[in-house]
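Inspection log for the structure reproduced underneath, given as structure tokens.
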Amino acid sequence: DSASLQVSAAAAAGAFPKRVKVVEVGPRDGLQNEKNVVPTPVKINLINMLSETGLQVIEATSFVSPKWVPQMADHTEVMQGINKLPGISYPVLTPNLKGFQAAVAAGAKEVSIFGAASERFTKKNINCSIEESLERFDEVMTAARAASIPVRGYVSCVLGCPYEGKISAAKVAEVSKKMYSMGCYEISLGDTIGIGTPGSMKEMLTAVMKEVPVGALAVHCHDTYGQALANILVALQMGVSVVDASVAGLGGCPYAQGASGNVATEDLVYMLNGLGIHTGVDLQKLMDTGTFICNALNRRTNSKVSQASCRL
Amino acid sequence: MGTVPSALKHCLSYQHLLKEQLWIGEPVAPHTGQESQASGLPEHIKIVEVGPRDGLQNEKVIVPTDIKIELINRLSKTGLPAIEVTSFVSSKWVPQMADHKEVMRGIQRHPGVQYPVLTPNLQGFHSAIAAGATEVSVFGAASESFSKMNINCSIEESIERFEEVVKSARNMNIPVRGYVSCALGCPYEGNIIPAKVAEVSKRLYSMGCYEISLGDTIGVGTPGSMKRMLEAVMKEIPLSALAVHCHDTYGQALANILTAIQMGVAVVDSSVAGLGGCPYAKGATGNVATEDVIYMLNGLGINTGVNLCALMEAGNFICTALNKKTNSKVAQASFSTGTMN
């Protein structure tokens, strides 16, 4: 479509997008990968503070069984407890139909489903093949369509897998295409173990952009090897304009003990500000929110911008 | 999500597995017409390792001379083409560098590796030569306030001082590298205009410095300001004579370095294990970690000649000696506990 063509042309000219939508995943992806279980009121306050920063999308929680993810056991209370500001979307993860129904009952207006570009990762993570996982998601898609609920699709391991190692760009494109065709409005491409570099990011995006319009793509980079902002920069140069990040860089990496995970939203916004790209996010308010959650978790921030701005 | 098999927790930390992953470990062999060339990136990048000088200088703990020498000797075996060894500055100002003579004389010099030292004035220069130095560096700044606060004189006066050094150096066929600090911002003045950076760079280059290293001293730069600054400097100085020295204080270093190499810069300064905090933001980080830079360049198919595993071992050595955690994310991810074994 013409909007995509415009974006592609601008990208070809080496221009950056004028606006980037930042998807804040701290309350879900971030907290899920933190060791300390966070009390419900703290989670609610975190999301409420994030709602004041100008962020347009805040992933609130995950409707998954507490047996698997104890941190997200309070999903219903969180969903019902937060202030839902107009103009802000609060997507939640729904791994299956049961989770979807619980989410909608709790007031969710947008959901996400998680695929992967690696068979072994899918087997280890949710005990089925990629194909079977997509069949499971089909049920969610059908129900979501009937309820007019938008669905965001995630693809994990797009630049490498902790079990399989290298992942082919063609495989990522194939899974992305399937999820987009099923009806996901956006596909978030996740470098789950942060192993990617600008080289592999470019190669992967080139393949995916043949199958999914760039306007429907997002990148979800982990900073485990310090590559996240460089990878994001390349994605922006190729026309991607939606970027996932986690306040204070919450969320370690479950595959490399002691290593970091999500890229910090503060550091991302700092870079985008420097590039003159509009995000609508107030960096100071974001840093204050990061300070709050780090105090509550009794941990240091993973955001370098926060570290540098803090005169100890 | 869910539990991770315990065997897996260590898989990425075993060296042989690391080496198996094509994008970690061995330097990429240069290919003709391969991705880096097609993408307009340099095929080869020279890494200037500043850990033993810039890194250690900004570490609180005073490092014993033999440890410094051991660090440099280990770095010499990694394939690094240039290792900044020490600084011939008064020990009153920089106690960490008080053992400059002993370090200079004590290291094993590998053929093909450069071992530059800082020489802020003529006295330092003579002392460096007497100790066996064969390359020196001088440090200018794009900010008057920074120049005044750091070396107690104006930019103009500092340039006059360096001219003496460069003249003597040229007489002895000693190459001189010029640094320009505060290229993307100053802790005192804030914003620095690109034209000023270009002006100071040009002065240093014209007087005879073979290379100008542009330093984002407080790490405030972003790909936006890096691009604007380089565009201004590139009007005055050939690309092949430029280097970037990025600090990671705001997490922007790799993105800034990527921007620079996309513009054709082919020399990058970095510090093993990200040694060296920021003296202007307490508790914040400083130099970008060499390991993280090499990892990125390997992934881009750019040749550096550096063996990443050997480099990580050198980083492990110095962090153990300093009793501190590495600032390199690649090292953190590769050593399973995140602390040194």
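The chains referred to below are lettered A, B, ... by the order of the sequence lines, with proteins before strands, and numbering in each begins at 1.
- Within the 3.5 Å criterion, the main-chain N or O of Thr197(A) finds no donor-acceptor partner in the side chain of Tyr295(B).
- Contact record, Lys304(A) with Gly251(B): CB-N, 3.5 Å, taken as the closest heavy-atom pair.
- Atom CG of Leu258(B) is separated from atom CD of Gln227(A) by 9.5 Å, given to the nearest 0.5 angstrom.
- To the nearest 0.5 angstrom, Ser260(A) atom OG is 3.5 Å from Lys329(B) atom NZ.
- With a 4.5 Å cut-off on non-hydrogen atoms, Glu291(B) does not touch chain A at all.
- For Asp223(A), the parts lying near chain B are the backbone and the side chain together; criterion is any non-hydrogen pair under 4.5 Å.
- Nearest heavy atoms, Met271(A) versus Ala255(B): SD-CB, 3.8 Å.
- The CD1 atom of Ile232(A) sits 12.0 Å away from atom CG of Leu254(B), with the distance rounded to the nearest 0.5 Å.
- The residue among Val220(B), Ile257(B), Ile218(B) with the most heavy atom pairs within less than 4.5 Å of chain A is Val220(B).
- Summarising the geometry, atom OG1 belonging to Thr259(B) is positioned 7.5 Å from atom CG belonging to Leu275(A); distances are rounded to the nearest 0.5 Å.
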